[in-house]
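Remember, it's a predicted structure, so these values are computed and weren't measured experimentally.
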Amino acid sequence: MPNDFDVIIIGSGAGGGTIAYTLADTGKKILILEQGSFLPREKRNWDPEFIFGKDGYKADVTWEGPDGEDIRPIVYHRVGGNTKMYGALLHRQRPEDFEDQQHRGGLSPGWPVSYDEFEPYYMMAEHVMKIHGNRGEDPSAGWSSGPFPFKAFPHEPRIQEVADNLAKLGLHPHHSNLALNRDIDEPYRRPCIACNTCDPFPCMLHAKSDAETALVRPALAHDNVTLWTGARVDTLIEEGGKITRIEGTLNGEPMSLSADLVVVSCGAINTAALLLRSRVANSSDQVGRNFTKHNQSGISAMDYSKPNETAFQKTLGVHDFYNGGPGMPYPLGTVQLTGKAHWTRIMGDYADQNIDEKRAREVQKYAVDFWFTSEDLPDKHNRIEWTDKGIKFNYRPNNRESHFEFLDFFQDNYLRPQGFTDFMRSTKGLEFTWHQAGTAQFGTDPKTSVLDLNCKAWDVDNLYVVDASFQPSQGATNPTLTVVANAIRVGEHLRKEWFSESGVNLDDYPLSDGYMADSAGATIDDTTYTAGDDESWGA
């Protein structure tokens, strides 16, 4: 009896969306399953009190922490996954990230493939995600076979001043690589308006290249691609080395499906949970292990003689210390600017410091908001487990000494000398799992890895994993571009080996679609507004 579908993709985030996009033109019968719904397009998308004060759109999820405590993670079960709320600042991993890297806290392992193998897929990923930037500015960047598809966003005056000061102090500040749908020279041609609600708000204009807008909706323009929302997958049924059934619920009703090919892309945490509760693909006992999520901190730096009136702040980055610094012969990480923080976000970021509204408004007026990312290291004890209570999140931070060294070093040597005199810091805790990775690593040995080099489960012939679970390490960059690049790489393998189709190239990831959100229809229930929603803080 034939299966219900040729391909079932579980999850509609960066990995699942990319696989759907890459396979859409094959004519194969493809189903995307998403447990959440479309994120509504409404004024509350840009309401900071709703986004930060009420945790708007966040999934109602509780995990058990490493000491038995409750963790309320910041995760989003929506079409597009967590990318609906991400900062859209996407970098390639550096060539060194694909090799063994000695950190102060231990070893970051190399990958079984090289940067050179990933480079053409990074180019395609940069096109489909519509990345802005200037090649040659970032001293840590690897080689590239072509320019960024769009020129960089320019700095506003206060940020240009900061960039000039950093350059005078001997650094190489660069323009950030942003996944936004904007034409810098003729902005009326594309939807992005470079507003103050870009990070981490959903984009009311669908101008952010999130997985829904850039990948899922274009895939749905093909009649052979279908999306089911409200579809929760509970179990993968394995028989004879293949997944023969997918069982769960669709809008609360029992669901049982079959497919020739099953692609899991639930995010590193939920992917591990699904494989563990299904008891599949784990002969190595590595599923759920080696979870990483980055060490991340923010510094709000104030110069009270210079109000920061910037609207679109996140245009500046510094990667001079990616692979080390003076007297520190080990990687430190990246410095970026976040979106200009509204006072309600500041209240949340510094809640542990007894900040009040008056002080938060002062910080909003004067601060330039810096964001620091450093690598945490794979550890078999940092793992996801599935228990009778659900997900157990056994994660304890590591490699933090160099992260805090980095904060002190940058603040003292590059912020104070240019006139910043007051600083507030926040280091993110367990609930911040934006950059989750590593729970089903790929490799060359089925005894020590979960997936082969094409991200097929060693133990199961028709099961692939294409989210950040596959990553042995993740450097100090946002993993999304690497997830998209890898999913294109895996998608090309599936096209050739499963469907006898051609490979892919840059022409398959065009830049011509100005308003991507109109590329496919979708049925979306209207959302009921609540009193006070007219206080939205938008552009």
State, to 0.1 Å, how close [X] and [Y] come at their nearest heavy-atom pair, and which atoms those are.
{"X": "Ile488", "Y": "Ala125", "answer": "CD1-N, 3.7 Å"}
{"X": "Ala367", "Y": "Asn308", "answer": "O-ND2, 2.8 Å"}
{"X": "Pro202", "Y": "Ile51", "answer": "CD-CD1, 3.9 Å"}
{"X": "Met85", "Y": "Gly56", "answer": "CE-O, 4.4 Å"}

[X] bridged to [Y] by N-O distance under 4.0 Å:
{"X": "Lys151", "Y": "Asp185", "value": "yes"}
{"X": "Arg359", "Y": "Glu362", "value": "yes"}
{"X": "Lys389", "Y": "Asp70", "value": "no"}
{"X": "Lys428", "Y": "Asp349", "value": "yes"}
{"X": "Arg217", "Y": "Glu212", "value": "yes"}

Counting heavy atoms not belonging to [X], are there more than 12 under 6.0 Å from its [atom1]?
{"X": "Asn354", "atom1": "CG", "value": "no"}
{"X": "Asp223", "atom1": "CG", "value": "no"}
{"X": "Lys392", "atom1": "NZ", "value": "yes"}

Side-chain donor-acceptor contact under 3.5 Å, [X] with [Y]:
{"X": "Ser37", "Y": "Arg78", "value": "yes"}
{"X": "Asn181", "Y": "Arg190", "value": "yes"}
{"X": "Thr482", "Y": "Tyr122", "value": "yes"}
{"X": "Glu501", "Y": "Thr26", "value": "no"}
{"X": "Tyr350", "Y": "Ser300", "value": "yes"}
{"X": "Asp508", "Y": "Tyr21", "value": "no"}
{"X": "Tyr395", "Y": "Asp376", "value": "yes"}

Exam field: side chain [X] to backbone [Y], donor-acceptor pair closer than 3.5 Å:
{"X": "Arg277", "Y": "Asp234", "result": "yes"}
{"X": "Asn486", "Y": "Val483", "result": "no"}
{"X": "Ser176", "Y": "Leu178", "result": "no"}

Donor-acceptor pairs under 3.5 Å, side chain of residues 247-257 to any protein atom, not counting sequence neighbours: which ones?
| residue | atom | partner | partner atom | Å |
| --- | --- | --- | --- | --- |
| Ser256 | OG | Arg245 | NE | 3.1 |
| Ser256 | OG | Arg245 | NH2 | 2.8 |

inquiry  = What verdict does the side-chain contact (heavy atoms from CB on, under 4.5 Å) test give for Lys84 and Tyr57, after you've listed the backbone C-alpha separation in whole Å, the side-chain angles of each residue and the deciding distance to 0.1 Å?
reply    = CA-CA 10 Å; Lys84 291 303 297 181; Tyr57 307 125; over 6 Å; no

ask   = Checking side-chain contact (heavy atoms from CB on, under 4.5 Å) against Ile30, which of Asp6, Ile8, Thr226, Asn224 comes through?
value =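 Among Asp6, Ile8, Thr226, Asn224, the one meeting side-chain contact (heavy atoms from CB on, under 4.5 Å) with Ile30 is Asn224.
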
inquiry  = Apply side-chain contact (heavy atoms from CB on, under 4.5 Å) to residues Val216 and Leu220 and explain how you reach the verdict.
reply    = CA-CA 6 Å; Val216 174; Leu220 291 175; 4.0 Å; yes

message = Before you tell me yes or no, could you show the steps for Thr310 and Leu337 under side-chain contact (heavy atoms from CB on, under 4.5 Å), namely the whole-Å CA-CA distance, both residues' side-chain angles and the distance that decides it to 0.1 Å?
response = CA-CA 12 Å; Thr310 303; Leu337 295 187; over 6 Å; no

key: Check against side-chain contact (heavy atoms from CB on, under 4.5 Å), Ser374 and His294   = CA-CA 6 Å; Ser374 303; His294 279 147; over 6 Å; no

